[in-house]
Amino acid sequence: MKRLIPKQKEPIFNNSIEYLHSKSQQWISEIEFIEIEQDFLKELLGDHIMGLCDTNNFSKAKLYLNGINHEKVLGDKLIKSIKQHHINLALLIENIYIKRENIFRDDHEFLKIEFQNYVENFKYIKEKVFELILQIMKKEKKEKLLAK
């Protein structure tokens, strides 16, 4: 009788070069998606600028826009670093940089922390923008209902 072994989501050796290479590719994809989200948030704030002008939240919106722009710059720098790291790992897989494996592992740990911080910062800004827009939308809805 055959025994079925469930497929693992992640490789057994979480520190293999192939695994690190795969993780760096995931980071690149996630940062690219975050860039799309950043553009969406900027548009969303722009669409509700009239509601922001009427309230005392205009300074908050400016702060969030500055935060989004700052994170976008950091994201561009981070993605360049991760892409270079991704290339180095590919070369390591091809046994070209064997003597530098420890350096690349250290780089990977550093980039992992930078990536996690970047994602957490963006999530915070996104949450605050959504809260602000929700507040404005509720106010606009209330005003429309009162106007009827």
Side-chain angles (χ1 to χ4, degrees), residues 6-94 96-97 100-148:
K7 185 177 179 183
Q8 293 181 333
K9 290 183 180 180
E10 295 185 17
I12 294 172
F13 302 107
N14 285 346
N15 61 351
S16 72
I17 298 304
E18 290 82 7
Y19 175 77
L20 300 180
H21 188 259
S22 170
K23 287 304 284 184
S24 66
Q25 183 60 47
Q26 289 174 356
W27 295 343
I28 291 168
S29 296
E30 192 160 342
I31 292 172
E32 288 171 346
F33 183 74
I34 286 174
E35 288 176 347
I36 295 168
E37 285 183 303
Q38 289 168 337
D39 291 338
F40 173 76
L41 291 176
K42 287 177 12 181
E43 286 294 319
L44 190 61
L45 284 170
D47 286 348
H48 291 280
I49 196 73
M50 293 306 290
L52 291 168
C53 291
D54 294 343
T55 65
N56 58 356
N57 293 321
F58 186 73
S59 59
K60 283 184 186 178
K62 269 179 63 174
L63 183 68
Y64 298 150
L65 278 173
N66 288 338
I68 291 169
N69 289 331
H70 178 71
E71 287 297 310
K72 192 162 186 83
V73 170
L74 291 178
D76 291 342
K77 290 178 183 177
L78 185 58
I79 204 165
K80 285 179 187 174
S81 297
I82 293 172
K83 283 182 178 180
Q84 183 61 47
H85 177 66
H86 187 72
I87 291 168
N88 289 337
L89 290 174
L91 293 172
L92 187 59
I93 290 171
E94 297 295 323
I96 294 175
Y97 280 152
R100 299 184 68 196
E101 181 176 342
N102 289 333
I103 294 170
F104 294 145
R105 286 184 184 280
D106 292 342
D107 288 347
H108 188 84
E109 284 304 310
F110 173 77
L111 289 171
K112 178 181 176 182
I113 292 167
E114 289 294 311
F115 172 75
Q116 290 169 339
N117 289 337
Y118 175 75
V119 170
E120 288 302 313
N121 289 340
F122 176 70
K123 284 180 179 180
Y124 175 78
I125 292 172
K126 183 166 74 169
E127 176 186 359
K128 293 301 178 185
V129 169
F130 283 163
E131 287 173 356
L132 183 62
I133 296 298
L134 182 62
Q135 181 182 2
I136 292 167
M137 292 173 82
K138 284 180 178 179
K139 181 183 177 211
E140 289 173 354
K141 185 178 179 181
K142 191 178 194 180
E143 288 173 357
K144 284 181 185 178
L145 289 174
L146 290 174
K148 288 185 179 182

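Just so you know, these numbers use all the heavy atoms, side chains as well, and skip hydrogens, waters and symmetry mates.
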Q: Can you give me the closest heavy-atom contact between Y64 and I125, atom names plus distance?
A: O-CG2, 4.2 Å
Q: Return a table of donor-acceptor pairs under 3.5 angstrom between the side chains of residues 69-85 and protein atoms on other chains or two or more places apart.
A:
unit_1: N69; atom_1: OD1; unit_2: K42; atom_2: NZ; d: 3.2
unit_1: N69; atom_1: ND2; unit_2: L65; atom_2: O; d: 3.3
unit_1: K72; atom_1: NZ; unit_2: D39; atom_2: OD1; d: 3.2
unit_1: S81; atom_1: OG; unit_2: K77; atom_2: O; d: 3.2
unit_1: Q84; atom_1: NE2; unit_2: N88; atom_2: OD1; d: 3.4
unit_1: H85; atom_1: NE2; unit_2: H108; atom_2: ND1; d: 2.9

Q: Evaluate the side-chain proximity of I133 to D47: yes if any heavy-atom separation is below 4.5 Å, no if none is.
A: no
Q: Do any pairs count as a side-chain hydrogen bond (donor to acceptor under 3.5 Å, both in side chains) and have a residue in residues 112-124, sequence neighbours left out, and if so which ones?
A: Q38-Y118
Q: Side chain to side chain contact (heavy atoms under 4.5 Å, CB included) for V129 and F40? Distances and angles first, verdict last.
A: CA-CA 11 Å; V129 169; F40 173 76; over 6 Å; no
Q: Could you measure the distance from the CD atom of E37 to the CD atom of E35? Nearest 0.5 Å is fine.
A: 11.0 Å
Q: Applying side chain to side chain contact (heavy atoms under 4.5 Å, CB included) to L89 and S24, what does each step give before you reach the verdict?
A: CA-CA 9 Å; L89 290 174; S24 66; 4.1 Å; yes
Q: Quick check: do F115 and I31 have side-chain heavy atoms less than 4.5 Å from each other?
A: yes
Q: Does a side-chain N-to-carboxylate-O contact under 4.0 Å join R105 and E101?
A: yes
Q: With a sphere of 6.0 Å drawn around CD of E127, does it hold more than 12 non-hydrogen atoms of other residues, nucleotides or ligands?
A: yes
Q: Report the distance from atom CG of L92 to atom CD1 of I87, rounding to the nearest 0.5 Å.
A: 13.5 Å
Q: Scan side-chain atoms only and decide if Q135 and K138 contain a donor-acceptor pair under the 3.5 Å cut-off.
A: no
